[in-house]
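Numbering of residues begins at 1 and proceeds along the displayed sequence.
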Amino acid sequence: MTEHDHDHDHDHGHGIDDPAHPHNAPLSDVQLRVRALESLLTDKGLVDPAALDALIDTYETKVGPRNGALVVARAWTDPAFKQRLLANASEPLAELGFLGRQGEDMVVLENTASLHNLVVCTLCSCYPWPVLGLPPVWYKSAPYRSRAVIDPRGVLRDFGVELPDDVEVRVWDSTAELRYLVLPLRPAGTEGMTEDELIPLVTRDAMIGTALVQPPGAR
Ligand code: FE
């Protein structure tokens, strides 16, 4: 996806053929199929294309994983906030406006020097939308969903994460009722950094548990 595809600050009353949204490049097979499906649903009156645009844009660009990164950075810099977050995440998240559809009941899992948390949804693809945005494709894939439980260290290794043997790996299975956000370990070398400086270090995968937060300059 390019920036252009989501630069939706104009009114989308005309659906997919909106002349204000020109497409010069040929469409891929998937794009063609999505368009065909969208136009069929629109013709049948089943979806409002403007609402669809707004929904996708909200979760992909406005919400995205940036909300989660802010939560993590704040927890790293504000001990009182962290304490409240770990005790009952829904309350401080609601105050930030990060509760809502697909994220009503949230639990924050703290990674420590001896514990690493990994989140999966073995049944389908439950994911905390308000803090992480749309789930990545691999999160919804059958191999991740089955292997995360059977062989979490193997999955982590595939993601390039090698944990010492004395670090316990705990796997959490999301459900429609309960969704998890991993509070990653704050990397060494970030001691003097502010919340705003820490936010860009926090990746989506680190908040799912399939990555560690790297110190600045390490990526
Ligand atoms: Fe699910």
N/O donor-acceptor pair under 3.5 Å between [X] side chain and [Y] backbone:
{"X": "Arg147", "Y": "Pro152", "result": "no"}
{"X": "Arg186", "Y": "Trp76", "result": "yes"}
{"X": "Thr190", "Y": "Met193", "result": "no"}
{"X": "Glu91", "Y": "Ala89", "result": "no"}
{"X": "Ser90", "Y": "Met106", "result": "yes"}
{"X": "Arg66", "Y": "Leu70", "result": "no"}

When you check the gap from the basic side-chain N to the acidic O, do Asp78 and Arg74 get nearer than 4.0 Å?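 Salt bridge between Asp78 and Arg74, a charged N being under 4.0 Å from a carboxylate O: no.
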Output yes when Lys82 and Glu110 qualify as a salt bridge under the 4.0 Å nitrogen-oxygen rule, no when they do not.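 Here Lys82 pairs with Glu110 in a salt bridge, since their nearest N and O are under 4.0 Å apart.
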Any chance you could measure [X], atom [atom1], to [Y], atom [atom2], to the nearest 0.5 Å?
{"X": "Leu115", "Y": "Asp166", "atom1": "CG", "atom2": "CG", "result": "12.0 Å"}
{"X": "Asp43", "Y": "Glu38", "atom1": "CG", "atom2": "CD", "result": "10.5 Å"}
{"X": "Leu41", "Y": "Leu46", "atom1": "CG", "atom2": "CG", "result": "5.5 Å"}
{"X": "Leu183", "Y": "Leu86", "atom1": "CG", "atom2": "CG", "result": "6.0 Å"}
{"X": "Thr42", "Y": "Lys44", "atom1": "OG1", "atom2": "NZ", "result": "11.5 Å"}
{"X": "Cys124", "Y": "Arg145", "atom1": "SG", "atom2": "CZ", "result": "7.0 Å"}

Taking the side chain as every heavy atom from C-beta outward, state whether [X] and [Y] have any pair of such atoms under 4.5 Å apart.
{"X": "Met207", "Y": "Val72", "result": "yes"}
{"X": "Arg179", "Y": "Val107", "result": "no"}
{"X": "Ser114", "Y": "Glu168", "result": "no"}
{"X": "Pro187", "Y": "Gln214", "result": "no"}
{"X": "Phe98", "Y": "Leu132", "result": "no"}

Determine the minimum heavy-atom distance between [X] and [Y], stating which atoms define it.
{"X": "Thr77", "Y": "Ala73", "result": "OG1-O, 2.9 Å"}
{"X": "Leu118", "Y": "Gly209", "result": "CD1-O, 3.5 Å"}
{"X": "Tyr139", "Y": "Cys121", "result": "OH-N, 3.5 Å"}
{"X": "Tyr180", "Y": "Asp173", "result": "CE1-O, 3.6 Å"}
{"X": "Pro200", "Y": "Glu197", "result": "CD-O, 3.3 Å"}
{"X": "Asn111", "Y": "Pro184", "result": "ND2-CA, 3.9 Å"}

Check for me, please, whether [X] and [Y] land in the same ILVMFWY cluster - side-chain distances under 4.5 Å, paths through other members count.
{"X": "Leu156", "Y": "Val167", "value": "yes"}
{"X": "Leu212", "Y": "Val169", "value": "yes"}
{"X": "Leu32", "Y": "Val47", "value": "no"}
{"X": "Val71", "Y": "Leu178", "value": "yes"}
{"X": "Trp172", "Y": "Tyr127", "value": "yes"}

I need the single residue from Leu99, Asn67, Asn88 that forms a side chain to side chain contact (heavy atoms under 4.5 Å, CB included) with Leu93. Which is it?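 Only one option passes, and that is Leu99.
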Is Glu95 atom CD crowded by more than 12 heavy atoms from other residues, nucleotides or ligands, each under 6.0 Å away?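 Above 12, so yes.
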For the residue pair Trp138 and Phe159, is the inter-centroid distance of their aromatic rings smaller than 6.0 Å?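 Yes; Phe159 has its ring centre under 6.0 Å from that of Trp138.
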Residue pair Leu185, Val213: steps toward the side-chain contact (heavy atoms from CB on, under 4.5 Å) verdict: CA-CA 7 Å; Leu185 270 182; Val213 176; over 6 Å; no
side-chain contact (heavy atoms from CB on, under 4.5 Å) evaluation trace for Ile208 with Leu181: CA-CA 6 Å; Ile208 301 174; Leu181 181 76; over 6 Å; no
Might you work through the side-chain contact (heavy atoms from CB on, under 4.5 Å) test for Arg157 and Glu162, ending with a clear yes or no? CA-CA 6 Å; Arg157 219 168 285 129; Glu162 193 79 50; 3.2 Å; yes
Taking it one step at a time, do Val119 and Ser174 satisfy side-chain contact (heavy atoms from CB on, under 4.5 Å)? CA-CA 7 Å; Val119 179; Ser174 301; 3.3 Å; yes
